[in-house]
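In what follows, a single structure is set out as structure tokens and then discussed.
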Protein chains: 2
Amino acid sequence: MQTATLAHVARLAAVSENTVSRVIRNKGPIAEETRRRVLAAIEQLGYLPNRAAGALASSSSLIIGVLLPSLSNIVFPEVLRGIHAGLADTLYQPMIGVTDYDLDQEQRLLASLLAWQPAAIITTGFEHTQASRRMLANARVRVAELMDIDARPIDVAVGLSHRSAGVATARHLVSRGYRRIGYVGHDWTADRRAALRYEGLCQGLQEAGLSLVAEQRFDGPSSTLAGRDTLARLVEGDASVDAVAFSNDDMAVGGFMHCLAAGIAVPGRLALFGFNGLEIGQVLPKPLATIRSNRFLIGRVAVEKLLESGERSAEPQVIDTGFEIVAGATA
Amino acid sequence: MQTATLAHVARLAAVSENTVSRVIRNKGPIAEETRRRVLAAIEQLGYLPNRAAGALASSSSLIIGVLLPSLSNIVFPEVLRGIHAGLADTLYQPMIGVTDYDLDQEQRLLASLLAWQPAAIITTGFEHTQASRRMLANARVRVAELMDIDARPIDVAVGLSHRSAGVATARHLVSRGYRRIGYVGHDWTADRRAALRYEGLCQGLQEAGLSLVAEQRFDGPSSTLAGRDTLARLVEGDASVDAVAFSNDDMAVGGFMHCLAAGIAVPGRLALFGFNGLEIGQVLPKPLATIRSNRFLIGRVAVEKLLESGERSAEPQVIDTGFEIVAGATA
DNA sequence: CTGTTAGCGCATTCAC
DNA sequence: GTGAATGCGCTAACAG
């Protein structure tokens, strides 16, 4: 079976190809009677538009290029869910690439995404190679940079201030009476946002006349396992810490597991504080004190913003999706 | 800046477009000197092939359509990671759709993926609408059906036997001395694989002259929260159960949390058994007894198999990626 | 409101 | 080894 084309539909409906095209794209005025005939023909033939042809002719496609740093961290699949939710009921399709937090990899993937003439590119963070920036500037696509809003975006940024989240963490712990605060983190040479939260944390403590009394960093990506082992190292080194801020919830949940196994009372002996507000933290015997970061919302809002208009606005836009303290019971 | 096309490259290299096209696709014989000149021109112009044009001309694209039932369940992002790993170092790009376990939604997404003339379609399970099957039959694409191997695939199936995994669970629990075995599950009207594991579990118990002494099913998708609450309901109803098989690790981890909070000794008073082998289960104070399902491998192997050849083989192929019992310490 | 005319950028025949 | 011609299926002008 030969797949139907515009020409077949046009012949069957006894109109020109152009008219069929107009009906499909809802563009230009069409007589109700004509539209009916065309739709009937489309239905009868099971016609599916060839997107490649459409993209070539219009030099723009219904593809949204999505660049994610990782799929291992549950945070990004959640952003992707939001993107999907925003794309539902549209004809756009996401084409995704995973950069492994590598800017050169991002650049390569960006090039191959742009080869499809996507309508928009969604990526994360503000760090890109010069070549990537140049490509994005030359291509006439909308660009969203997700997660972070602590810098000037290319087009639109959607996310939260990680620095502020760090400050909020410090203030919360201080207000709860903790004074000997430690930090357990992962390797954030590639994770600028974790670094920003750390900076905010230090700044917030400083405002209260305090500073970190201990810190321990795992040399690798964040995980529950890393959190467990790294907290163990921290308390081994300095038993006087009364609260620990973790680089994120995965690490904090791991820390909680260490406390369970080692018989450390939480929060009596040691308070724990995470970041992200993942489900797993809220199912612990004591719900994790953390900050909710609205990942799903970030993805959805980004898509909505991008589809609002085909053109960039004169000034870059910043959309703050905010965050909330989740008090929990571990701090 | 106008983006460069084949024609520009051809002019600069003083050859025909055709020759440039051959160099790019490594097809047909090319004089070394010519190739050099062409590559230099490509480099100089920063030429990027327009994939839409290529797809239109060759009526086949470098797109791999991926249909996933969900992104909320960490299992599927892991499959997607495997797919990405298999696609790395190729020019193929994944275009993804999320079906929410809805076959009609799968059909709609399939139609819009096929509109891009993808080289292959990757989907999950063996249940598809008649229309979906017809589209897949008519389109000349490779098709992989992932996760499950308990039925005859359209083209290739990659996964494990969930029925066997259920049987293995039963045998393991029985061999460990448990006799009063219960089941805690989620709503699997849409999750055929969980149902298959359940069937296998019952079958395995029957082989040992046993049957489930209690079961409780959460009316919704699986989650740690659901697992916690549903186990609570189960033990409330029948306190004599000595082991519980969960529909998956998420549910089991939730169950573990309930035991922690309710002071139920694991496995002394109650043994717990999951499915998937997620990291979170292995970080519990007692590592979860479970079955590892090799999600990453499933994705990667599927891609490798699909790219092996552009044509379906005469007979459908089944690739068993297997599973292993993770003994853990909760059973 | 509808039809006509031209490409979009590339791959695929064939020649030579 | 290389080039010339043709068309993939559609959209974008412009007429009328």
Side-chain angles (χ1 to χ4, degrees), chain A residues 2-39 41-42 45-63 91 112 114-119 139-140 310, chain B residues 2-39 41-42 45-63 91 112 114-119 139-140 310:
Chain A
Q2 173 79 358
T3 78
T5 72
L6 261 198
H8 299 139
V9 176
R11 201 171 318 140
L12 183 57
V15 294
S16 72
E17 297 186 26
N18 196 315
T19 301
V20 178
S21 177
R22 283 190 187 107
V23 169
I24 288 172
R25 289 174 300 138
N26 266 318
K27 251 198 170 168
I30 297 282
E32 201 37 61
E33 155 64 9
T34 311
R35 145 178 275 108
R36 223 191 32 65
R37 268 211 331 276
V38 169
L39 291 178
I42 287 175
L45 294 175
Y47 168 73
L48 274 179
N50 180 323
R51 299 288 172 209
L56 180 58
S58 69
S59 63
S60 91
S61 74
L62 294 171
I63 289 174
L91 293 172
S112 62
L114 288 177
W116 286 102
Q117 320 231 68
R140 241 201 272 63
Chain B
Q2 173 78 359
T3 78
T5 71
L6 261 197
H8 299 139
V9 175
R11 201 171 319 138
L12 183 57
V15 294
S16 72
E17 296 187 28
N18 194 324
T19 301
V20 177
S21 177
R22 284 193 187 106
V23 169
I24 288 172
R25 289 173 300 135
N26 268 316
K27 249 193 171 173
I30 296 284
E32 202 36 60
E33 155 65 7
T34 312
R35 148 179 273 107
R36 224 189 33 65
R37 270 212 329 277
V38 169
L39 290 178
I42 287 173
L45 294 176
Y47 168 72
L48 275 179
N50 180 324
R51 299 287 172 210
L56 179 58
S58 67
S59 64
S60 92
S61 74
L62 294 171
I63 288 175
L91 294 173
S112 64
L114 288 176
W116 287 102
Q117 320 232 65
R140 240 202 272 65

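Below, chain A is the first sequence line, B the second, and so on; all start at residue 1. These numbers were taken from a predicted model, which means no experiment stands behind them. Worth knowing before you read on, the calculation uses all heavy atoms, side chains too, and leaves out hydrogens, waters and symmetry mates.
A donor-acceptor contact shorter than 3.5 Å is absent between the side chain of A:S21 and the backbone of A:E17. At least one donor-acceptor pair under 3.5 Å links the side chain of B:S58 to the backbone N or O of B:G54. The backbone N or O of A:W116 lies less than 3.5 Å from a partner atom in the side chain of A:S61, making a donor-acceptor pair.
A 4.5 Å side-chain heavy-atom check between B:I24 and B:I42 finds at least one atom pair inside the cut-off. Side-chain contact between B:R22 and B:N18 is present, with heavy atoms from C-beta onward closer than 4.5 Å.
Mapping B:S58 and B:P29 onto DNA chain D via the closest heavy atom, the residue that lands nearer the 5' end is B:P29.
As a whole-Å value, the separation of B:K27 NZ from D:dG3 P is 19 Å. B:R35 places its CZ atom 14 Å from the C1' atom of D:dT2, with the value rounded to the nearest Å. Protein atom CD1 of A:I30 is 8 Å distant from nucleotide atom C1' of C:dT2, rounded to whole Å. Rounding to whole angstrom units, CG of residue A:L62 and P of D:dC10 are separated by 13 Å. Here the P atom of nucleotide C:dG9 and the CD atom of B:Q117 are 19 Å apart, to the nearest Å. Straight-line distance from the CD1 atom of B:I24 to the P atom of C:dC10: 7 Å, rounded to whole Å. Computed from coordinates, the B:R25 CZ to D:dT2 P distance equals 15 Å when rounded to whole Å. Following rounding to the nearest Å, B:L6 (CG) and D:dG7 (P) show an atom-to-atom distance of 19 Å.
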Could you go through residues 45-52 of chain B and list every donor-acceptor pair under 3.5 Å that involves a side-chain atom there, pairing it with any protein atom two or more places apart or in another chain?
{"unit_1": "B:N50", "atom_1": "OD1", "unit_2": "B:A52", "atom_2": "N", "d": "2.8"}
{"unit_1": "B:N50", "atom_1": "OD1", "unit_2": "B:A53", "atom_2": "N", "d": "3.1"}

Only pairs under 3.5 Å count here: list side-chain donor-acceptor contacts from residues 29-36 of chain A, not counting sequence neighbours, and write none if there are none.
{"unit_1": "A:E33", "atom_1": "OE1", "unit_2": "A:R36", "atom_2": "NH2", "d": "3.3"}
{"unit_1": "A:R35", "atom_1": "NH2", "unit_2": "A:N26", "atom_2": "OD1", "d": "2.9"}

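Residues from residues 14-22 of chain A placing a heavy atom under 4.0 Å of any atom in DNA chain C, listed by number, are A:V15, A:S16, A:N18, A:T19, A:R22.
A sub-4.0 Å separation between OP1 or OP2 of D:dT2 and a side-chain N or O of B:T34 is present.
Out of D:dG7, D:dT11, D:dG9, the shortest distance to the side chain of B:A57 is found at D:dG7. Residue B:P49 has its side chain nearest to C:dC10 when only D:dC10, C:dC10, C:dT12 are considered.
Nucleic acid contact for A:L56: base, since at least one base atom lies under 4.0 Å from a heavy atom of the residue.
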